[in-house]
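In this text the structure is predicted, and so the values were computed from the model without any measurement. So that the names make sense, note that chain A is the first sequence line, chain B the second, and so on, each numbered from 1.
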Amino acid sequence: MRYWLMKSEPSDCSIDDLAAMTEQTVAWYGVRNYQARNFMRDQMRVGDGALFYHSNCAVPGVAGIARVASTAYPDATQFDRESRYFDPKATQETPRWFNVDVQLVKKITLVPLAELRKHPELERMRTLRRGNRLSITPLDPAEWKFITSRLARD
DNA sequence: GCCAACGTTGGC
DNA sequence: GCCAACGTTGGC
């Protein structure tokens, strides 16, 4: 079992948007970075833990606890000419982009990025490192445990 | 294979 | 809106 931090822009899909979805589950489409894709395609398994992180917004931070709800399958938006995620180089036979489904476990009181930065236990977290822009990053089990048991509040 | 130009991310 | 950091593209 692995643990992940997954960034979402709340203007695109917020924790409340996720809560409103059928089965409180969303397809994590639109990832167009190979490292992030490889994490989903090669490493994610049903039941992995995920921190749902709000990025590119007034108060960025961890907004909820989620779980990986499917293994990876081809991202439908790569084939959709109308989509901003359309990729002319992708074909049905050789899809280039994949996504998993992510299901809400529970919404928490937002743990702001500034709060995460205060804790030495988290200083090696990839998302906190300077210059990191990856939208999906692995979390150490210790980091997952610290955040979910020590910082997360209902 | 190099690398400059360009586009994107995302905190502030 | 700014801008640093980084990934991707494409000419050579």
Heteroatom pairs (N/O) under 3.5 angstrom, protein to nucleotides 9-12 of chain B:
| unit_1 | atom_1 | unit_2 | atom_2 | d |
| --- | --- | --- | --- | --- |
| B/dT9 | O3' | A/R133 | O | 3.4 |
| B/dG10 | OP1 | A/K7 | NZ | 2.8 |
| B/dG10 | OP1 | A/R133 | O | 2.6 |
| B/dG11 | OP1 | A/Y53 | OH | 3.0 |
| B/dG11 | OP2 | A/N56 | N | 2.9 |

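A side chain to side chain contact (heavy atoms under 4.5 Å, CB included) with A/H54 is found for one member of A/P60, A/S14, A/P112 and no other, namely A/S14.
Between A/D87 atom CG and C/dT8 atom P there is a gap of 12 Å when expressed in whole angstrom units. Distance OH (A/Y85) to P (B/dG7): 18 Å, rounded to an integer number of Å.
Between A/H119 and A/L128, every side-chain heavy-atom pair lies at or beyond the 4.5 Å cut-off.
For A/D12, there are no salt bridge (Lys or Arg N to Asp or Glu O under 4.0 Å) partners two or more places apart in sequence or in a different chain.
Closest non-hydrogen pair, A/V100 versus A/T71, comes out as CG1-C, 3.9 Å.
The ring pair (Phe, Tyr, Trp, His ring centres under 6.0 Å) pairs that include a residue from residues 55-84 of chain A number zero, where partners must be two or more places apart or lie in different chains.
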